[in-house]
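In what follows, a structure is listed as structure tokens, so that the remarks can point back to it.
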Number of protein chains: 2
Amino acid sequence: MTETLTQIKKDFTEGLSQISRFWGFPKGMGAIFAVLYLSPTALSLDEIVERTGLTKGAVSTEVRTLARMGLVHRSTKLGDRKDYYTAETDFYAAIRSILQERQNSEFDRAVRSVKETLTALEANWVEDEEWNFVYERVKALQEFFDAIDSLAKAVIRLESLGLSNVTKILSVLK
Amino acid sequence: MTETLTQIKKDFTEGLSQISRFWGFPKGMGAIFAVLYLSPTALSLDEIVERTGLTKGAVSTEVRTLARMGLVHRSTKLGDRKDYYTAETDFYAAIRSILQERQNSEFDRAVRSVKETLTALEANWVEDEEWNFVYERVKALQEFFDAIDSLAKAVIRLESLGLSNVTKILSVLK
DNA sequence: TTGTATGTTTAGTAAATACTAAACGAAATA
DNA sequence: TATTTCGTTTAGTATTTACTAAACATACAA
């Protein structure tokens, strides 16, 4: 039984939608990326609307956040008022861009609040068993977050080596 | 101005709730982990209820998923029918456990669907420009997912070295 | 100027999710 | 057996979030 290409594309789009949802993004975002990713040519907003079944409004806002994350690129053609969109194919670049974007995100604000807890504990120090306990715990968590952060940055910096090469290197370390 | 310890704890709990929410978990889960993490002693379900302000039902289900992820541990005391909970403090162990749990998750099902797209394309091969284009793209994405997966596994395997040491090693690689 | 083609914003709806309240079950104790 | 003490399940509610439909803004064209 022969599946048609459009059917295969549809399945793929469905898959990416799921993945998007899993990471806490709207599934529409996954779908938009998928149709761009599978298109040999840049697509206009209306073409995306047509292929995803979403409305203009939804595509307009979601494509913008995708662009901010560096996962799609907006371009124009001379003598054509439409915007055209293409998918980023260098995923490492995309990851780097997402991590940068992340700096100003809700997540980092929250992580900073852990740091603030720590300084609050230091500032109002009380020689007390529980106080000490809490301090140690908060500090450990803070260090963990820092470690993850530096690890991510280190991996990103090595992007030029290729992710799989980095993996190979790590594999022999032990 | 001196902040009281309970106030600091509250702020910390608030912070972890945000982080939890950011990663797509209920904010209650973050709160539960926080109160356990800051408690020198194991807490019963009702004590968690009291400190988080959630209901027994919510705590019951959420503490269970935390346990499944390896972020908290359930224990009992002899001659006491209550369950007691403590927070995992070895975050590397927790990450490993979460990644294992992930194997059966919705995420992996979705990632597998990319692989399936690939085999569908191979199975119904048509010598056609677009077909070829789509195939290359899907393949590239699949390889990227694989790379991320092996990298994660490699890092996890090195957990014994300590995360910050791994980071240091990566830093000199370039 | 008016009309047309585009993208954006907004106000409201639908759908998903976290959470509550309360019934239930099970196990120990009286 | 009845009662108490715990955890779980369930049915419903509230909240959040994604999305739609339509008004709006802008720029160009006639």
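In what follows, chains are A, B, ... by sequence order, proteins preceding strands, each numbered from 1. Computed from a prediction, not measured in an experiment: that's the story for all the values here.
Under the rule for a side chain to side chain donor-acceptor pair (under 3.5 Å), B:Arg64 has no partner lying at least two apart in sequence or in another chain. Annotation: side-chain contact (heavy atoms from CB on, under 4.5 Å) contacts of A:Thr86 (sequence neighbours excluded): A:Ala42, A:His73. Take A:Thr41 and apply the side-chain contact (heavy atoms from CB on, under 4.5 Å) test, not counting sequence neighbours, and it matches A:Ser39, A:Leu43. With sequence neighbours excluded, no residue forms a salt bridge (charged side-chain N to carboxylate O under 4.0 Å, His left out) with A:Arg81. Partners of A:Lys77 under the side-chain contact (heavy atoms from CB on, under 4.5 Å) rule, at least two apart in sequence or in another chain, are A:Asp80, A:Tyr84. Partners of B:Glu130 under the side chain to side chain donor-acceptor pair (under 3.5 Å) rule, at least two apart in sequence or in another chain, are A:Lys9. Residues satisfying the side-chain contact (heavy atoms from CB on, under 4.5 Å) test with B:Gln142, not counting sequence neighbours, are B:Val114, B:Lys115, B:Leu118, B:Asp146. Applying the ring pair (Phe, Tyr, Trp, His ring centres under 6.0 Å) rule to B:Phe25 yields no partners; only residues at least two apart in sequence or on another chain are considered.
Sorted by residue number, the members of residues 26-58 of chain B with any non-hydrogen atom under 4.0 Å from DNA chain D read B:Leu45, B:Lys56, B:Gly57.
Contacts classified as ring-ring contact (aromatic ring centres under 6.0 Å, His included) and involving residues 26-69 of chain A (residues at least two apart or in different chains) are given here: A:Phe33-A:Tyr37, A:Tyr37-A:Phe91.
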Going 5' to 3' through nucleotides 25-30 of chain D, assign each nucleotide B (protein heavy atom under 4.0 Å from a base atom), S (under 4.0 Å only from sugar-phosphate atoms) or - (no protein heavy atom that close). --BS--
I'd like a table of atom pairs between the protein and nucleotides 12-15 of chain C - only N or O on both sides, under 3.5 Å - with the distance next to each one.
none

